[in-house]
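One structure is given here, and the rest of the page talks about it.
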Amino acid sequence: MTETFQPRIVGFLCNWCSYAGADGAGIARFQYPPNVTVIRVMCSGRVSPEMVIRAFREGADGVIVLGCHIGDCHYISGNHRTAKRIPMLQNLLGYVGIDPRRLRLDWVSSAEGPKLARVVDEFVAAIRGLGPAGYRALAAVPEGALQGARQHGA
Amino acid sequence: MEPEIRGQLGAAVEEALSRLDGVLALKQQPVGSAPHLYQRDEELDLLALEPRYPMALVLDRLLDSFPEARLGVVARGCDEWALTELAKRHQVDLERVEIIGVACSHEQAVECRCAEPYPSTISVGVQAEGVEDALVAEHRRLSLEERDAFWSRQFAKCVKCYGCRNICPVCYCPACALEDEIWVERGLMAPPFPSLHLVRAMHMVGRCIGCKECELACPADIPLPILYTLMRQDAAELWGYLPGKSVEDQPPLLVTL
């Protein structure tokens, strides 16, 4: 069963570094697993804990946040906040019994296509090892429960 | 209340009333007691210290209602820390507030699992020794599976009454993420995935002063302070940040590295 398990992963990539890095990886034809659904954000500091929690709530097996290296932020200090917020959220996930390894933060510059491929590769392998998140009672959510939210364009 | 404590409390309130427009303290009612804004020349016979009330929350509202007034407040340690956090976030003007600090007894500290049951300046009572929160220490020893089982059971009891938020002295946002359908779905109970509790816990980082009012308010007895205290300990370890200690200390998640 675990051999056919395909992790569903949500990736939040910063517009200026990591998303460009992913572009670079594509252009250079680096192979990496296609399990990550990329959401482009203007800054990794834009990724609020609510967004990560919502991704898990919608059934993600893992969430990866990629931003500019510290010092390279297009908005000077946006990623400083990410650097504090995500480790705190990892701790919280651990405290309520969700493996904190399901959330990963890393820094990928626009020139680091190979690093992006490696980080995603590692993360997909790690989530594959952890298995499906299998959140409790997710199946019990009636169809359209978050309909209003979708209409908001979230 | 012991006669000695009653004497100290009465004297402190009377002295403060001679200079201020009012003092917020508890007043005995036919049944129990409730917060009351004492004014000059008012009888102080019915002053009370029990039970606990989130005095910072009440004071915040009073200061909004009387924008010119300077008010005193009979505050426990946790009330003082809450006021500090509110002042830091520009919700309360401490220039208009005078704190009459009350030290809790050791028995009260045990009841609240409170490590520091006294304010920075004590006007009433004597400093007693606090206790470590045994539930938090115990939680740290649990495995991931045990934590999952524990919190699944706890969160399943949630009736989404928002009592934990409403009673919280450091929650003040007019637009609350917990009421935003983008983050917390409507019409489902208990929340199928604990978005509500996780979002709230993240919002408590650098803010929760550990008064445990949320636990007292919860009709389902969910021990939320365990989660918030774990996060507070982490913030102290990572960034040396202790909520409620100084208006100058900026909350770690709101500032740069």
Between NE2 on residue B:His203 and CD on residue A:Glu50, distance to nearest 0.5 Å: 3.5 Å
Nearest-0.5 Å distance that lies between atom CZ in B:Arg147 and atom CG in A:Leu93: 11.5 Å
Validation row: B:Trp183, A:Arg57 side chains within 4.5 angstrom (heavy atoms): no
Neighbour count above 12 (heavy atom, 6.0 Å) for B:Glu179 CD: yes
B:Arg165, CZ atom: more than 12 neighbouring heavy atoms under 6.0 Å: yes
Distance (rounded to the nearest 0.5 Å) between B:Met231 CE and A:Leu92 CG: 4.0 Å
Contacts with chain B made by residues 68-91 of chain A (heavy-atom distance under 4.5 Å), listed by residue number: A:Ile70, A:Ser77, A:His80, A:Arg81, A:Ala83, A:Lys84, A:Arg85, A:Met88, A:Leu89, A:Asn91
Greater than 12 external heavy atoms within 6.0 Å of A:Tyr19's OH: no
Contact origin within B:Ala235 toward chain A - heavy atom pairs under 4.5 Å: both
Would you mind writing out the side-chain donor-acceptor pairs for residues 193-201 of chain B within the sub-3.5 Å range, not counting sequence neighbours?
from	atom 1	to	atom 2	distance (Å)
B:Ser195	OG	B:Phe193	O	3.4
B:Arg200	NE	B:Tyr228	OH	3.0
B:Arg200	NH2	B:Cys164	O	3.2

Within 6.0 angstrom of A:Glu122 CD, more than 12 heavy atoms from elsewhere: yes
Atom group of B:Leu254 that falls short of 4.5 Å from chain A, counting heavy atoms: backbone
Flag side-chain contact, heavy atom, 4.5 Å: A:Pro49 against B:Val205: no
Pairs of heavy atoms under 4.5 Å with chain A: top-ranked of B:Leu230, B:Leu142, B:Leu238: B:Leu230
Distance, nearest 0.5 Å, that separates OH of A:Tyr95 from CG of B:Leu227: 9.0 Å
Shortest non-hydrogen contact between A:Val96 and B:Phe155, atoms and distance: CG1-CE1, 4.1 Å
Among A:Ser48, A:Pro100, A:Gly45, A:Gly94, residue most engaged with chain B (heavy-atom pairs, under 4.5 Å): A:Gly94
Validation row: B:Asp148, A:Ile98 side chains within 4.5 angstrom (heavy atoms): no
